[in-house]
Structures are given as C-alpha cells and as structure tokens.
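Everything below concerns the one structure shown next.
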There are 2 protein chains.
Amino acid sequence: MTKLQIHRREASDASDRDAKAQAEGFATVRQAHESEMAEDYVELIAELIEIQGEARPVDIAERLGVKPPTVTKNISRLKEAGLVSRERYRAIFLTPEGQKLAEACRRRHRIVVAFLLSLGIDEETAERDAEGIEHHVSETTLEAFEAVVTRAHEKH
Amino acid sequence: MTKLQIHRREASDASDRDAKAQAEGFATVRQAHESEMAEDYVELIAELIEIQGEARPVDIAERLGVKPPTVTKNISRLKEAGLVSRERYRAIFLTPEGQKLAEACRRRHRIVVAFLLSLGIDEETAERDAEGIEHHVSETTLEAFEAVVTRAHEKH
DNA sequence: TATATATGTTAGCATAGGCTAACTTTTGAG
DNA sequence: CTCAAAAGTTAGCCTATGCTAACATATATA
Ligand SMILES: [Mn+2]
Ligand SMILES: [Mn+2]
Ligand SMILES: [Mn+2]
Ligand SMILES: [Mn+2]
C-alpha cells in the first residue's frame, strides 16, 4: 500500500461508521416514501368516513388534489395490501388492519400539528408542513413532540 | 335540487376551503418529493468536496446507499437541471446555482438536526429523522426551529 | 320510469428513481 | 510501461405514482 492508499483507507475507517449511518438514514427515508401513499390514503379514508359516513373516490381525489383514475389505481394497491376492502363502483372501507394503521397515522398527524402550533406556527403552515413531516418522525421524536405539547398545555 | 343534494352542497361549501387547503398541502408534499433527490445530492456533493476535495460517484453511492448506476443516472439529471457540471469519468462539481442550493440545504439540515438535539433526541435518531424532515420544513417553521435552538444555546 | 349527470374504471402513456449485467475507462502496483 | 483492479457508464429491466381519453355504471331529476 502506498501512502496515498493508506491515507484513503484511514480516512475511510474514520468515517466508515459515518458513511454507513448516513446510508441507513437515506434508506430510512426511502422506506418512509414507500409507505407514504398508504398512510395518507387510510388516514383520509378514516376522516371521510367520520365526516361523511363514507369514503368515495371522488372525495378522496378532491382532497388529495389528484385525478380520479389515480385514486382507483391506488385503492386497488391498498386492497392488494389488505388495508381496504371494497367492491367495484361502491364506497371504500378500511379493513381492521387499515383501521389500525389509520388510527396510528391520525394520532401522529395530530401530534405533529399540535407540536408545530405550540411553537407559534400558524395553522395553515402547521398543517402543510405536518403533511410531509409526519412520515419522517420516529417514535422517539414523536414522543418528544408529545411531551412539548403536553407541557405547553399545562402552562396554557 | 333535493334536500339531499342541497345538504351535500352545503357540506361542500362549508368544507370547501378545508378540502382545497388539504389538497394544497398534499401538492406541496409532492413538490417537495420532486426536489428531494436534487437537494440530497448537492448537499452530499458539497460535503464530499469539503471532506475529500472531490465528489466521486462511488462515494456518493456509498453514502446514499444506492448503486453506482443510479448515481450516474441522477447526476446526469442534475447536470440537465444546471446544478452540477462534469465530464465523463471525472469527478463532479457544483455550478454556482448548485452551490447556492447546497448551502441552503446544509443550513436547513443543520438547523433541523440542532433543533431535534435541543429536544433531547439522540444524535443517531436526530440525523435519521432530519434527513427526511428537512424537505418538508417551510421557511416559517425553520425560523421557529432556529429560534428554539438559539434560546437553548443561550440557556446553555 | 326514462334519461342526463355524476361517478368510477380501463387503457395507455409518462417520469422518477431504483436494480443487475455487461462493457469501457482510468488508475496505480509491480 | 504494462496490465489488473477500481471506478464509471450503458442498456435494459422494474415499480410507483401521476396523467388524459374513452368507456361503463350508478344516481337523481323530470
Ligand atoms: Mn402525509
Ligand atoms: Mn396526514
Ligand atoms: Mn434529505
Ligand atoms: Mn440532508
């Protein structure tokens, strides 16, 4: 090994954990993106069922800001994944598994929004930012957020 | 119009802003996803140039946790977008525009990490979560984060 | 009840961003 | 200086998630 190579190796050793940890971080983000569609859909479906009694593709499309064919396609993916049940041309229901996921997502969404509001951020921005942030918040961080919200409420 | 239809319309009017705002929120998230690859790449390229003097595809691939052909493809997209300049088989450089974006991303990344750390979250988790969160934080929220970090530092 | 409107689906297309296998070019050890 | 190993590229594949145009079904008004 030449000096140059030794130098490179040492640098590599020193930052190896760093590089590996960084790669794991990016991998975590990519995984989060994979579940994001499912999470947003089941969360929204649960909301619509609560507000309107049923979740129709047209309403899902309106609230997501996508076109109906996109919803049809994604709903069949969710059905494939066992998160929703439905028959053609009929409203959409959540399976028990879907309901469980929806509940977890709604909780997480609520906490993130409440946390941002507790920092003094306006509702519009809080909702906007939360819609993306929610998918990248670990349980650890979520609990920290929750603690801040709780303390803010105590001080009211 | 029947009562049912009137009822639907009223409900729609009442929650129209809501639905529209929600759709805008999701649209914002989709836009963030479109810039995410570019942001992560230029940020990483800037880091590598700082640490190693150059940014090579093999190192970018290692730190992102993807394979070299993926990097080749994405780098050519960034070149297309005017963010990097490079010649085949040679190291990658940032254009002035790329440098500007990289600086903004590094600042944002630092603030998000510092903010999470200030909540008592461990470094590993803070870095992991920040890697995703950073792309969904508005300037408003970023400033709120910054304020919290500053206050935490003052209290030391 | 008939039919117009609203809703939903299908087919086919596009882009982004992953991958492997095979090939090319550069680099550096001897 | 040579040539093997390291690095980089290309081609071709895949999945996810958008879209439009055309068609099918359901719903509600007349
Ligand atoms: Mn979301
Ligand atoms: Mn949400
Ligand atoms: Mn990132
Ligand atoms: Mn980052």
Side-chain angles (χ1 to χ4, degrees), chain A residues 1-9 12 23 26-41 44-45 48 52 54-81 83-84 86-92 132 135, chain B residues 1-9 12 23 26-41 44-45 48 52 54-81 83-84 86-93 135:
Chain A
M1 278 184 182
T2 66
K3 275 176 191 171
L4 185 56
Q5 220 186 21
I6 286 165
H7 187 265
R8 277 251 165 95
R9 278 262 166 259
S12 180
F26 286 114
T28 299
V29 175
R30 285 191 298 271
Q31 280 184 313
H33 286 161
E34 280 178 27
S35 16
E36 193 162 335
M37 183 275 284
E39 291 173 358
D40 285 338
Y41 272 70
L44 179 54
I45 289 165
L48 286 169
Q52 310 197 317
E54 61 178 2
R56 299 183 310 161
V58 70
D59 296 321
I60 295 173
E62 187 194 3
R63 286 187 134 81
L64 287 177
V66 300
K67 301 296 179 183
T70 300
V71 172
T72 296
K73 190 181 285 189
N74 285 332
I75 291 298
S76 66
R77 283 178 186 142
L78 297 183
K79 191 178 171 183
E80 198 62 30
L83 295 170
V84 309
R86 82 118 148 196
E87 290 155 63
R88 265 214 205 157
Y89 296 104
R90 314 300 298 288
I92 293 144
H135 308 281
Chain B
M1 280 186 181
T2 65
K3 275 175 190 172
L4 185 57
Q5 220 186 23
I6 288 166
H7 186 265
R8 277 250 164 97
R9 278 261 166 261
S12 181
F26 284 114
T28 299
V29 174
R30 284 192 298 270
Q31 279 183 313
H33 286 159
E34 278 177 27
S35 16
E36 192 162 335
M37 184 274 283
E39 291 173 357
D40 286 338
Y41 272 70
L44 180 53
I45 289 165
L48 287 169
Q52 309 196 318
E54 61 177 4
R56 298 183 310 161
V58 69
D59 296 322
I60 295 173
E62 187 194 4
R63 286 188 136 81
L64 287 177
V66 300
K67 301 296 179 183
T70 299
V71 172
T72 296
K73 189 180 287 187
N74 285 332
I75 291 298
S76 67
R77 283 178 185 145
L78 297 183
K79 191 178 171 183
E80 198 62 30
L83 295 170
V84 310
R86 80 119 148 197
E87 291 155 61
R88 266 214 203 158
Y89 297 104
R90 316 300 300 284
I92 294 143
F93 298 93
H135 308 282

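In the text below, chain A, chain B and the rest are named by the order of the sequence lines, each starting its count at 1. Since the structure is predicted, the reported quantities are computational estimates derived from the model, not experimental observations.
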**Request:** Drop me the distance from A:L78's CG to A:M37's CE, to the nearest 0.5 angstrom.
**Result:** 4.5 Å
**Prompt:** Could you state the interatomic distance from OG1 (A:T72) to CD1 (A:I60), rounded to the nearest 0.5 Å?
**Reply:** 9.5 Å
**Nearest-0.5 Å distance, CG of residue B:D40 to CG of residue B:L44** = 8.0 Å
**Asked** Whole Å only: how far is the CD atom of A:E62 from the C1' atom of C:dT7?
**Response** 13 Å
**Asked** From C:dG17, D:dG18, C:dG8, pick the nucleotide closest to the side chain of B:R30?
**Response** D:dG18
**Asked** How long is the line joining CD of A:E87 and P of D:dA26, in whole Å?
**Response** 11 Å
**Prompt:** What nucleic acid atoms does B:P57 come within less than 4.0 Å of, heavy atoms only: base, sugar-phosphate, or nothing?
**Reply:** sugar-phosphate
**Message:** Given C:dT10, C:dG8, D:dG12, identify the nucleotide with an atom nearest to the side chain of A:Y89.
**Reply:** C:dG8
**Request:** May I have the distance from A:I75 (atom CD1) to C:dT7 (atom P), rounded to whole angstrom?
**Result:** 16 Å
**Request:** To the nearest 0.5 Å, tell me how far A:H33 NE2 sits from B:H33 NE2.
**Result:** 3.5 Å
**Message:** What's the closest nucleotide to the side chain of B:Y41 if the choices are C:dG18, D:dG8, C:dA21?
**Reply:** C:dG18
**Message:** Closest-nucleotide mapping onto DNA chain D: is A:V66 or B:A91 further toward the 5' terminus? I mean the 5' end.
**Reply:** B:A91
**Fill in**
From NZ of A:K73 across to P of C:dC13 the rounded distance in Å is 12 Å
**Request:** Considering just the side-chain nitrogens and oxygens of A:T70, establish if one lies under 4.0 Å of OP1 or OP2 belonging to D:dC19.
**Result:** yes
**C:dT10 phosphate, OP1 or OP2, under 4.0 Å from A:R88 side-chain N/O** = yes
**Asked** Could you give the CZ-to-P distance, from B:R63 to D:dA7, as a whole number of Å?
**Response** 14 Å
**Asked** So, the side chain of A:R30 versus the backbone of B:G65: is there a donor-acceptor pair under 3.5 Å, distance only?
**Response** yes
**Prompt:** Rounded to whole angstroms, how far apart are CZ on B:R77 and C1' on D:dT9?
**Reply:** 15 Å
**Asked** Would you say the side chain of B:K67 and the base of C:dG18 hold a donor-acceptor pair, judged only by whether the two atoms sit under 3.5 Å apart?
**Response** no
**Request:** Round to a whole Å and report the spacing from CZ of A:R56 to P of C:dT7.
**Result:** 5 Å
**Message:** Need to verify one output field. Residue with the more 5' nearest nucleotide on DNA chain C, A:P69 or B:G65?
**Reply:** A:P69
**Prompt:** Counting side-chain heavy atoms from C-beta on, which of C:dG17, D:dG18, C:dT9 comes nearest to A:T72?
**Reply:** C:dT9
**Asked** To the nearest angstrom, how far is A:L64 atom CG from D:dC19 atom C1'?
**Response** 15 Å
**Item:** B:R90 side-chain N/O to C:dT27 phosphate OP1/OP2 under 4.0 Å
**Value:** no
